[in-house]
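Reading through the structure tokens given below for one structure.
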Amino acid sequence: MTGADLTFDVVVVGGGHAGCEAAAAAARCGARTLLLTHKIETIGEMSCNPAIGGVGKGHLVREIDALDGIMARAADAAAIHVKMLNLSKGPAVRGPRAQADRRLYREAVQALLRDQPGLTIMAGGAEGLELDQAGGLAAIITADGQRIRCGAAIITTGTFLRGEIHIGEKRFPAGRVGDAPAIGLALAFERLGLPLARLKTGTPPRLDGRTIDWAALEAQPGDDPPEPLSWMTERITNRQVSCGITATTPETHAIIRANLESSAVYGGRIQGVGPRYCPSIEDKVVRFADRERHQIFLEPEGLDDPTVYPNGISTSLSEAVQEQVVASIPGLTKARILRPGYAIEYDHIDPRALTLALEMREVPRLFLAGQINGTTGYEEAGAQGLMAGINAARRASGGDPDASLTRSEAYIGVLVDDLTLQGVSEPYRMLTARAEHRLSLRADNAGLRLTERGIAWGCVGSERAARHRAFATAVSAALARAATDGASPAALSGFGITVNQDGRRRSVLEVLALPSLALEKIEAAFPWLRDLGPPIRTQLEAEALYAPYLRRQEAERRLLEREEKANIATTLDFDAVDGLSAEMRQRLKAARPATLGAAGRVQGVTPAALAALAVHLRRDAQRFT
Amino acid sequence: MSAADTIYALASGAAAGAVAVLRLSGPGTGEALRGLAGSLPPARRASLRRLRAPDGEILDHALILWFPGPASYTGEDAAELQLHGGRSVIAGVMEALTAAGLREAEPGEFTRRAFLHGKMDLTAAEGIADLVAAETAAQRRQALHQADGGLAKLYGGWAERLARLLAHQEAAIEFAEDGLPTDLDAKARAGAGELRAEIEAHLADARRGELLREGLVFAIIGAPNAGKSSLLNALVGRDAAIVSARAGTTRDIVEARLDLAGVPVTLSDTAGLREAGDEIEAEGIKRAERRAQEAQLVLTVFAADQPPDAETLRWVGPEALVLVNKCDLAPAPAAIAEVPVIAVSAREGIGLATLRDRLAEAALRLTGAGQGNQLTRPRHRAALTEAATLLAEAEGAALPELTAEALRAALFALGRLTGRVGVEEILDIVFRDFCIGK
Ligand SMILES: Cc1cc2nc3c(=O)[nH]c(=O)nc-3n(C[C@H](O)[C@H](O)[C@H](O)COP(=O)(O)OP(=O)(O)OC[C@H]3O[C@@H](n4cnc5c(N)ncnc54)[C@H](O)[C@@H]3O)c2cc1C
């Protein structure tokens, strides 16, 4: 079937987490958008762990939400167990996490997309890319030969590029269990000469919850009340469930050791590099041989779904061995496996071929987002999809795709900078340790940091914009008052607050920063604090707590700003820079840093090389002025 | 300066000797060797070859060494030619190299290239610069130790420990749910404290390494006509200062360099301390006092035939040497202001050997004689002081993310000493040391 050509501003290929955010964002920015994906019913599918958020990942979700994305809202609609991680630590490293009912999540995503004006959804597979004479993207060709012309396209096909599943010695091509891989697209990328590399990831077997001996296991309840992920959610209404906790035993480890040959990875049938933070149970047993137990969280996949996700035993052992492994675990001795665990190998594109807008440097109007860029995780995928969607919409309307965030503004900025500058050597996952401005990039202030940027880019709806502005005004007023209002040491001691009796007046912010002081005492001294809503008070507390550090970071940031402003022309010939060693030239050519600051972050670039580059840039600047 | 260039330089100094060593480095080294010697010799083995000019004329029979990169001093392809030291031989070979497109190296260019290729860290590169500039044996010892990577090893070891502390702290923050040990926070703080103590001990060095690198300053101070200038001349062994019977002859500071047990010392003769006769003398006295303040050792000089003057007495103390000059004219007291004196006569040469020993002793004590790990530059001190302050902050931080923050900043301070430290290195440690992943 070859119908007449279709025409859209933006075409998004793939209905996973990257594709959904991309399509929704492009449409919010006013682009006539098509979402093209294999199956409409799997849009919003969580291919692995039924949870959204966590430490680092939760930060990303809040940032997606601050730019009016859909992930947090869908997660709230589907949440059945919510936890704020790291509650005993400071606000900067607390990460919200929600376990979702898999079906509810899919339905919520699909509903949000259906309701999005300007967005068309179509079932079908993309097989080819058509370029115009200048080498820019012109159209997407589907498996049925349909030509879809567009102003920009975003490819978000996840693990589907030449995906291959391994279960023990069995292997077969697939995008994930039950889905065919995308081979035509991989060939199209190869023909374009794009750099491809192979990675792998895995997933645990799924268990039938009705065959688990819950009574024998420790139960872990979620937070009460559960805190929503989205700023737009009033409260979470689903019934909340508990997770079970169990662990592997020495017997489990003995079984695994005796059967390593059956593991696809240890049998040598997989070459792709897997993520170190998500190792298979085989890996854990081999690499940490002295450990006697590895913890497993049993996470229900849904309220009306008996499927349970045993978090901690991702594996590519054969099905028979998986049965033995599961049976050796307390509480699971009679558990039935609904679907075996597996490992999947897939191609990804070296993201150093992308600009900060996630557009291919060599193929204008072609954007890539999600796992295809070598990341892992829904949140990482969604964040890229969102940014690619905004930029593709700008590109399609004839504008510059210049919507980007810096490392000091957002985890999204850290993510995109890391990917496009460093590339990946293993599936990339967000960690708070990657963000040098961690203390100011908090999950609790994502809206304050980003929503105004989103309004300027046109991706934030009016309802959120109004809410945000009201909140931002209230926070600034409270901060201003807390900086000016205060009391003398003598007055404070009247409320049981002891500070040095040096006669120096302390501001409310200073008092809030005092270690281990009960909030009631502070509220007694400054009763107006009681009238602030909890979200505003959280802002005050965090600002007070981190103030000295934030000042130092701000000073460092300003110091670096000059380097960040020293642009490196995209045409700069690194071979012509005096004093660079061959290795430095090669690293810089692969990364193509856009600024001197970015060059300094390229892995392995030495201070000496940086100095040589700085001298060259200055000399160049003088030549032109 | 371009790394694409191939460079050469005479490594054996400009003076003519029996053997001259010419060094080559850069991508064109192999080609140049082939041109000179006909073919490439086996790598890293001395080979005797005839060297020819482009027109075929034989220039020399030379010992040549070929070091293919990266296993060379600079990390590039490199070679050494040991020529017969005649001026015309050297000139002929250099001409042939220039004709082959090579150029003469700029000062320090070989070391710069080695640093650029990651062959050495910053402190080792500094050590090489110091080695070239070393004037005395102790300076040479110290520079050699640093060039050999002595400081690089010490600071690199600290940076490694610090990276590990940070990684463990980060693991506790990032993977709290993964059943990690519960004492990671406390251990990170304790580790920060131990490292801080070590760095502080290293810093409490009375600036020995820096003083040796810069050279010591000893100031001679005393009343006019106590014989300070004669003493200086006697110690230096030549007439550096004008000596006359007229009090107040020395008005500005006269300096002479001494090598005391391998330590370079600048000995300063200063204007005599007294009520100034004129403006010039007053300025001279001011300078004398300033110099004495800056000096690492003050030699107070009294005359045996005069009672100790109040101006000079102010400088007498346990840290100063007390000399009584002109002991040939009158007996010297055993002690002045309870400090035992060294009796000398500059004119007769009495007591000078003892004085020299005492000065050498002081020079060795003040500089450590270039032994062991001593920091040698204010840059080192600044970075280490900052690291120690930040470690103290990490030790006392109330929250794990604040400990991490301070540890990270401390690591960067150390990184500035030796090179850079990246996030990836921290994450490598996290995943190597802990079983992460539910
Ligand atoms: C087995 C497995 C285990 C995983 N384990 C973990 C884990 O433990 N922890 C973790 O954080 N993350 C894990 N992940 C990763 C996480 O699921 C992904 O990173 C995330 O879903 C990526 O989102 P995406 O939008 O890039 O791609 P996906 O969610 O994979 O979506 C790709 C979409 O593109 C569609 N598509 C593909 N090709 C075409 C085509 N040619 N034409 C049209 N449509 C196409 C597909 O139908 C699909 O809808 C795992 C993934 C898998 C598959």
Side-chain angles (χ1 to χ4, degrees), chain A residues 49 54-56 83 85-86 88-90 92-93 247 275-280 283-284 287-288 291 293-297 311-312 314 418 422 425 431-434 436 438-439 515-516 545-546 549 552-553 556 575 577-585 600-601 603-609 612, chain B residues 1-5 27 69-70 74-76 109 112-113 115-119 121-122 125 166-167 169-179 185 393 397-402 404-406 408-409 412 415-416 418-420 422-428 430-438:
Chain A
N49 189 348
V55 180
K83 222 170 140 71
L85 302 182
N86 272 344
S88 67
K89 306 187 173 77
V93 294
R276 288 176 296 180
Y277 29 79
C278 195
S280 63
D283 261 340
K284 296 191 204 177
R287 290 190 39 228
F288 297 91
R291 290 272 300 258
R293 63 194 297 274
H294 294 282
Q295 194 163 263
I296 302 167
F297 287 84
N311 197 340
S314 159
D418 278 350
Q422 320 286 13
S425 50
L431 301 163
T432 66
R434 297 190 194 275
E436 53 278 65
R438 170 160 73 188
L439 298 184
S516 55
L545 182 62
Y546 295 136
Y549 300 86
R552 190 161 75 201
Q553 284 199 341
E556 274 167 25
D575 286 326
V577 178
D578 284 345
L580 285 183
S581 69
E583 188 197 340
M584 292 302 132
R585 278 174 218 276
R601 291 193 299 275
Q603 183 97 321
V605 164
T606 61
Chain B
M1 184 201 71
S2 166
D5 290 358
T74 54
E76 303 174 323
E109 196 171 353
R112 195 154 64 230
R113 287 185 178 204
F115 174 59
L116 222 58
H117 286 92
K119 283 274 155 186
D121 86 327
L122 209 49
L166 175 57
Q169 179 63 81
E170 290 294 4
I173 291 172
E174 221 73 54
F175 303 102
E177 303 281 293
D178 283 71
D185 293 344
E393 200 178 302
L399 288 165
E401 70 269 27
L402 297 180
E405 197 63 29
R408 188 189 321 277
F412 274 104
R416 275 205 301 283
T418 52
R420 253 168 212 257
V423 177
E424 283 304 318
E425 281 145 68
I426 304 303
L427 295 182
D428 282 344
V430 170
F431 296 122
R432 201 177 54 231
D433 288 4
F434 299 109
C435 184
I436 303 290
K438 294 193 286 189

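Order of the sequence lines fixes the chain letters, A, B, ..., with proteins taken first and strands second; residue numbering starts at 1 for each chain.
No side-chain heavy atom of Q295(A) sits less than 4.5 Å from a side-chain heavy atom of E177(B).
Residues passing the side chain to side chain contact (heavy atoms under 4.5 Å, CB included) test with A247(A) are R293(A), sequence neighbours excluded. Taking L402(B) as the reference, L439(A), Y546(A), Y549(A), A397(B), L399(B) meet the side chain to side chain contact (heavy atoms under 4.5 Å, CB included) condition, with sequence neighbours excluded.
Counting all heavy atoms, side chain and backbone alike, A433(A) lies closest to R408(B) at O-NH1, 3.8 Å. Listed here is the closest heavy atom pair of A176(B) and N86(A): CB-OD1, 3.3 Å.
The closest donor-acceptor contact from the side chain of E401(B) to the backbone of V93(A) lies at 3.5 Å or more, if one exists at all.
With respect to the salt-bridge test (charged N to carboxylate O, under 4.0 angstrom), the residues E170(B) and R438(A) qualify.
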